[in-house]
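Remarks on the structure that follows.
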Amino acid sequence: MNKKTVFHGFGVLCLLLMSAVTLGAVHEVKDGESIQAAVTKAQTGDTIRVFPGTYHETVFIDKDDISLVGVIEDGEWPHLDGEKVLNDAILYSGNGFSVEWFKITQYKGNAIMGQSGNNFSIRNNWVIDTGLYGIFPEFGHNGLIENNILSEIEDAAIYVGMSDYIDVRNNQVFDNVAGIEVENSRHVLVEGNVARNNTGGILVFITPGLPIKSSYDAIIRRNFVTNNNTPNFAIPGSLVAGIPSGTGILVMSGDKVVIEDNIITGNNTGGIIVTSGDFVTEVASDKESDPHSDQVEIRNNIMFDNGNDPDGEMKLLMLSKFSTKGPDILAYQSATQKERGSCISRREAYRSYGLDEWTDCDAPTVRAVDAVVSADDIGTTRQLMTKMLEAPADPRVITADADGAEVVYSGICAGCHAYNVRLIGPPALVIQAQYGDDVQAVADYVANPERRRPDFPSMPPQGHISEEMRLLVAEYMLGLEG
Amino acid sequence: MRYRNRLATLVLAALAAGLSVVSVNAGDAYTQHCAQCHGESGAGNLELGAPNLTGLSESYISRQLSGFKAGWRDNRDLQTRTMTSAIATLDDNSLSAAVAAIARLPHQKAKKTAQTQSGDLARGKDLYTAYCSACHGTNGTGNDALGAPSLVGLDSDYMNRQYRHFVEGRRGFHPDDRYGKQMARLSLAVKDPNLIHDISSYVVQLPF
């Protein structure tokens with residue numbers, strides 16, 4: 001084979017690969033038919049168009065490059081309705097998955113959950129009361145969450161969990177416990193969202209005891225974070241149940257977080273709270289996670305009318321500072337320390353506490369010439385358009401071994417089970433105490449979970465995971481340490 | 001203090017030897033066989049280290065009674081020895097009659113122990129939520145499906161002592177004691193007696 005044919009062959013291969021992505025078949029699903037049946041028929045690269053109608057099902061997508069596209073006719077949406085019986089509307093583990101234009105209501109677990117799929121896009125969905133989470137990509141690299149509307153979610157409406165290189169833009173989240181949650185995730189842009197009337201608007205934090213141990217490099221920019229005063233209606237005992245109502249933006253253990261150009265008003269506890277890991281629980285120690293919030297930059301936000309009626313413990317804290325009102329900005333616990341390296345622009349503009357040791361950062365005047373894409377960097381994040389990757393992330397491959405088990409555990413189980421913190425499900429440490437080394441019993445439970453705890457939601461069945469993989473995951477869970 | 005312990009020892013020894021003169025009013029099996037230590041109301045007796053029984057479920061109590069008989073709690077402890085010998089000669093019928101009678105007793109509050117210093121309640125709550133609530137329930141009232149008893153109603157001395165026994169392998173060691181083993185494994189996650197005291201201080205003030 002000479003060089004030329006190699007090159008030629010490569011070209012053909014590239015064309016084939018490209019066509020696989022762009023020229024897949026189109027499958028149509030009409031009212032009364034099953035979306036899952038279409039997914040089962042579909043092959044990598046195919047598009048599934050779902051027409052208006054009501055669909056009571058859970059759709060699993062484990063193939064790569066599937067697009068699930070709702071078709072709206074005369075204002076009628078394709079409607080996934082869980083009737084408060086089904087757990088999840090859409091669960092994907094395939095890479096390159098897109099889902100758009102669905103109305104999703106009345107599920108118990110999630111509207112759209114990603115279980116370790118990379119290169120996803122979730123846009124233009126309308127989600128109401130789907131239980132614990134609305135849109136929840138878990139353990140994914142390179143994804144877009146854009147233009148969705150979510151309300152009445154018991155935990156987080158948009159929950160970026162253990163994921164990297166994610167843009168969350170232009171969504172509207174209201175009447176949820178947490179509006180947008182960036183948890184144990186890196187390289188995230190949260191921009192242009194409306195987060196209003198939640199318990200907490202936008203949260204960046206570390207949950208200890210998860211496989212990914214850090215949360216850093218997040219930009220929270222140009223969002224409207226207003227009136228997040230809904231009483232906390234999370235399941236008592238779960239981690240988010242500790243978020244004070246009236247919280248605009250909360251940074252807890254997050255590092256390198258830039259909060260810039262937001263409009264933050266009417267949040268009754270405080271506009272921005274920066275604190276360390278012991279804010280919601282004192283005991284959630286994880287020796288591999290740093291509980292401090294380092295290098296937080298708060299720049300050029302419009303803030304007023306915050307802190308009118310601080311919630312519970314925060315009220316006591318403010319009274320101890322001789323104030324009945326909460327602040328625009330509060331640094332609390334270790335976040336007050338100089339060595340954390342945080343900064344604030346125009347500090348005199350805000351009512352704030354705990355910022356004495358913070359340095360000043362720039363909030364330069366932005367002239368018209370500074371606003372164009374080609375302008376010089378004047379010390380804002382303006383020139384940065386996305387945190388997503390230039391080229392797609394490598395597809396996640398799940399091998400039938402301990403590595404694969406770690407991916408499955410991180411992508412599925414860790415969404416509800418942390419090591420020694422109570423999330424949605426019991427901590428892994430508790431499950432270890434119950435099961436000892438009985439791997440088989442865990443694998444069986446997971447396929448067919450029985451309701452045991454009246455004060456927890458029920459666990460969604462994971463029978464779609466093969467027996468072999470369930471055993472591997474069970475072994476992984478029972479062997480976890482801290 | 002010393003004196004009180006000695007006295008308790010004597011009383012316990014006397015009771016265990018069946019020398020009790022506490023009235024045996026021909027009531028139900030509970031009044032006959034158990035009330036002299038656990039109290040007429042079932043609320044327990046701090047001096048004797050006999051816990052409140054009124055919050056416990058029938059299935060948990062029955063399992064504990066067979067456990068005492070089968071040596072699931074190690075007898076180095078005076079209190080355990082006392083309880084073990086108190087029921088040694090009772091047959092299954094009397095025991096189940098006693099259990100049924102306990103179920104009819106109204107719930108009694110946890111007794112306040114002599115311990116002067118309460119633990120840190122906020123920390124106790126956080127620890128309880130993270131490490132205990134998934135089995136003993138968010139409100140501490142137990143979960144029979146998991147074999148985990150209600151902790152509400154137990155006094156903090158008893159709780160702390162039993163917890164220590166799990167940590168030290170003196171309870172939950174027997175191969176047949178499936179639930180005891182689970183609790184024993186769990187107990188290793190929080191071993192510091194101060195933290196345990198924070199937890200029990202939090203639990204004793206939970207409402208029934």
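Both backbone and side-chain heavy atoms feed into the values below; hydrogens, waters and symmetry mates do not. From a predicted model like this one, the values you see are computed outputs, not experimental measurements. Letters go in sequence order (proteins before strands), and every chain restarts at 1.
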TODO: Tell me, yes or no, whether the heavy-atom count around K213(A) atom NZ, taken from other residues, nucleotides or ligands under 6.0 Å, exceeds 12.
DONE: yes
- [ ] With a 4.5 angstrom heavy-atom cut-off, could you sort out which part of E313(A) is near chain B: side chain, backbone, both or neither?
- [x] neither
Task: Portion of L186(B) that has a non-hydrogen atom of chain A nearer than 4.5 angstrom - done: both
Task: Pairwise distance CZ(R185(B)) to CG(D437(A)) - rounded to 0.5 angstrom - done: 7.5 Å
Task: Donor + acceptor pair across side chains of R453(A), S133(B) (<3.5 Å) - done: no
- [ ] Look at atom NZ of K112(B) and say whether more than 12 heavy atoms of other residues, nucleotides or ligands are closer to it than 6.0 Å.
- [x] no
TODO: Can you measure from OH (Y131(B)) to CG (L429(A)) and round to the nearest 0.5 angstrom?
DONE: 6.5 Å
Open item on the list: If you count heavy atoms of other groups shown closer than 6.0 angstrom to NZ of K84(A), is the number above 12?
Closed with: yes
- [ ] Verify the neighbour count for atom CG of D438(A): are there more than 12 heavy atoms of other residues, nucleotides or ligands below 6.0 Å?
- [x] yes
Task: Shortest non-hydrogen separation from A130(B) to P427(A) and the atoms involved - done: O-CG, 3.3 Å
Open item on the list: Would you say NZ of K108(A) has more than 12 non-hydrogen atoms from neighbouring residues, nucleotides or ligands within 6.0 angstrom?
Closed with: yes
Open item on the list: Let me confirm one number: the CZ-CD distance from R178(B) to Q434(A), rounded to the nearest 0.5 Å.
Closed with: 9.0 Å
TODO: Would you indicate whether E481(A), at its atom CD, is surrounded by more than 12 heavy atoms from other residues, nucleotides or ligands within a distance under 6.0 Å?
DONE: no
TODO: Give, for atom CD1 of I235(A) and atom OG1 of T138(B), the distance between the pair rounded to the nearest 0.5 Å.
DONE: 9.0 Å
- [ ] Side-chain contact test, heavy atoms from C-beta onward, threshold under 4.5 Å: evaluate it for N143(B) versus P454(A) and give yes or no.
- [x] yes
- [ ] Please round to the nearest 0.5 Å and tell me the distance separating atom CZ of R452(A) and atom SG of C135(B).
- [x] 10.5 Å
